[in-house]
Amino acid sequence: MLKMDFLYDEPIKYASEDLLNRTYFANDFALNLLSIPKEKNMTISINGEWGCGKTSLINLIKNELINELRNWKDIEDKPNYYYHIINFAPWNTLDENAIINQFFKTLISNFSEEKAKKLLKSDLYKGFINIAKEIPKIGCIFKGMDSLLKKYSKSFLTGNEDLLETKEKINNKLLSLPGKFIVFIDDIDRLNKKEIKLLIQLIKAVFDFPNVIYILSFDKKIVSDALSEEQSVTGEEYLGKIIQLSVNVPQIEENRLHNYLFSKLDKILENNNIEDFDSRRWGYIFNGGYGNYFKTLRNINRYINSINLKQARYLKVMDCLDFLVIEAISLFEPNLLNIIRRNRELLCKDSNYDENKNGIDTFRSNVSDISQNFKLLTYLFPILQNNKFGSYSENGKYSNRKISCRICIQEYFDFYFNGILNNGFVSKMEINNYL
């Protein structure tokens, strides 16, 4: 029985796990954070699509911050100047009204001095609530939170103070505290639209205090779309009013990604004793569209897991390269897979382009409506190869394709989609053993 080495989609934590060479970027980022003056506040976004490694990058930045602070030779001379690294996860609560409460509890838990804890539990906390209740649009969120304040005995507000004056007092309190706070808020794009708008509004209108740096991580398009619905400006413009620095996750070097993919595929082929690997056709397949499916480690891990699940049954029966391509299409372009499946009669005809030109043109048009990978299909189905114009063509004959159990042979076609053997089906392994 083959061992299935499944890959787990978990963010890395340490530089030793960094396959994408992002530790240098994380180190530069950390040094820039430490250079921000103590009295300043700043909001920075780390932008990237799902699966590009935002959480892994944040973990690397945190580690670089910690390592850099440890290396400060004069740290003992600065006992009143240190950093608190705070991880704030507002999606851990189902109650939107509790987000602000959770934020301050998270903040409080990072103070080691009892005096600072007492300050946040009384003066700062209550002052904040009084301000928040008066803010247009979001003040209603805090209307039902008065009961939370009963646990605090000391009031921060006296008389009818102006709100701006009250916030200024809170700012002064924060400025008097030792240290600076770096608050990481990751995976904002996983919130629903209502939660995204609430969190961004809170950061803009409420959490705007000195001595605090916010590092926000999200897919910029998702967050911009969520903010566009109720703003007079576009979501991107609205983000521009809140975020002072926007940084994109570094692009992954293609060679690193491809080498990672090849190493996993090589292991699968070795485990299955695949000896008839067609290197020539593989080169055309990879450069003809197959390689474009793998832009992130997450995509590779999902794909390899899918291959691992099916390898024992499929690789013993069907053509290795056809299987790898169909599995990629199945995972990343299911609509294209459906078009292929509906056109068995055409795709399984022997190579005679001119006689089938009308059917091929219709098929090409249908594919082009949903995908850019028509060229990739020409390496699976010889009927699509127009040899007159110098395009790729296979040297092998029909009999060779049948021995290899290719998808372009009609009796083998369905197995690539359902894994069910028809009556009289002879596998590639059985043919090779017989020969």
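Both backbone and side-chain heavy atoms feed into the values below; hydrogens, waters and symmetry mates do not.
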Are Phe323 and Tyr416, when compared by the centres of their aromatic rings, separated by less than 6.0 Å?
no

Looking at Tyr214 versus Phe181, is the centre-to-centre ring distance below 6.0 Å?
no

The single option from Val212, Leu65, Ile86, Ile61 that satisfies side-chain contact (heavy atoms from CB on, under 4.5 Å) with Ile182 is Leu65

Salt bridge between [X] and [Y], side-chain N to carboxylate O under 4.0 Å?
{"X": "Arg190", "Y": "Asp219", "value": "no"}
{"X": "Arg401", "Y": "Asp319", "value": "no"}
{"X": "Arg22", "Y": "Asp28", "value": "no"}

Could I get the full list of side-chain contact (heavy atoms from CB on, under 4.5 Å) partners for Asn338, not counting sequence neighbours?
Asn335, Arg342

Residues in side-chain contact (heavy atoms from CB on, under 4.5 Å) contact with Gln372, at least two apart in sequence or another chain
none

Could you tell me whether Glu254 atom CD has more than 12 heavy atoms of other residues or ligands within 6.0 Å of it?
no

Test side chain to side chain contact (heavy atoms under 4.5 Å, CB included) applied to Phe218 and Leu199, step by step:
CA-CA 12 Å; Phe218 51 74; Leu199 180 62; over 6 Å; no

Could I get the full list of ring-ring contact (aromatic ring centres under 6.0 Å, His included) partners for Phe413, not counting sequence neighbours?
Phe417

Residues two or more places apart in sequence or in another chain: which of them pass ring-ring contact (aromatic ring centres under 6.0 Å, His included) with Phe277?
Trp282

Taking [Y]'s backbone N and O only, do any of them form a donor-acceptor pair with [X]'s side chain (distance below 3.5 Å, no angle check)?
{"X": "Ser306", "Y": "Arg302", "answer": "no"}
{"X": "Arg406", "Y": "Leu380", "answer": "yes"}
{"X": "Ser35", "Y": "Asn32", "answer": "yes"}
{"X": "Glu236", "Y": "Ser224", "answer": "no"}
{"X": "Asn27", "Y": "Thr23", "answer": "no"}
{"X": "Glu64", "Y": "Ala26", "answer": "no"}

Looking only at the side chains, is there a donor atom on one of [X] and [Y] sitting less than 3.5 Å from an acceptor on the other?
{"X": "Glu333", "Y": "Ser371", "answer": "yes"}
{"X": "Ser330", "Y": "Glu327", "answer": "no"}
{"X": "Asn373", "Y": "Tyr293", "answer": "yes"}

Flag the pair Leu31 / Glu68 as yes when at least one side-chain heavy-atom distance between them is below 4.5 Å, and no otherwise.
yes

Do Leu265 and Ile304 touch side chain to side chain, with heavy atoms closer than 4.5 Å?
yes

Evaluate the ring planes of His258 and Phe262, with Trp represented by its six-membered ring, and classify them as parallel (under 30°), tilted (30 to 60°) or perpendicular (over 60°).
tilted

Pair Asn47-Ser246, side-chain hydrogen bond (donor to acceptor under 3.5 Å, both in side chains): steps then yes or no:
CA-CA 7 Å; Asn47 313 315; Ser246 182; 2.5 Å; yes

Could you check Phe381 against Ile340 for side chain to side chain contact (heavy atoms under 4.5 Å, CB included), going step by step and ending with a plain yes or no?
CA-CA 10 Å; Phe381 304 103; Ile340 295 171; 3.8 Å; yes

Report the C-alpha distance between Arg364 and Val367 in whole Å, list the side-chain angles of each, state the deciding distance to 0.1 Å, and finish with yes or no for side chain to side chain contact (heavy atoms under 4.5 Å, CB included).
CA-CA 5 Å; Arg364 184 201 299 267; Val367 169; 5.8 Å; no

side-chain hydrogen bond (donor to acceptor under 3.5 Å, both in side chains) with Asn59: which residues, sequence neighbours excluded?
none

N/O donor-acceptor pairs under 3.5 Å from side chains in residues 48-58, not counting sequence neighbours:
{"residue": "Trp50", "atom": "NE1", "partner": "Asp189", "partner atom": "OD1", "Å": "3.3"}
{"residue": "Trp50", "atom": "NE1", "partner": "Asp189", "partner atom": "OD2", "Å": "3.1"}
{"residue": "Lys54", "atom": "NZ", "partner": "Gly48", "partner atom": "O", "Å": "3.0"}
{"residue": "Lys54", "atom": "NZ", "partner": "Glu49", "partner atom": "O", "Å": "3.3"}
{"residue": "Thr55", "atom": "OG1", "partner": "Asp186", "partner atom": "OD2", "Å": "2.5"}
{"residue": "Ser56", "atom": "OG", "partner": "Ile12", "partner atom": "N", "Å": "3.0"}

Apply side-chain hydrogen bond (donor to acceptor under 3.5 Å, both in side chains) to Tyr260 and Asn301, showing your working.
CA-CA 10 Å; Tyr260 178 73; Asn301 289 341; 2.8 Å; yes

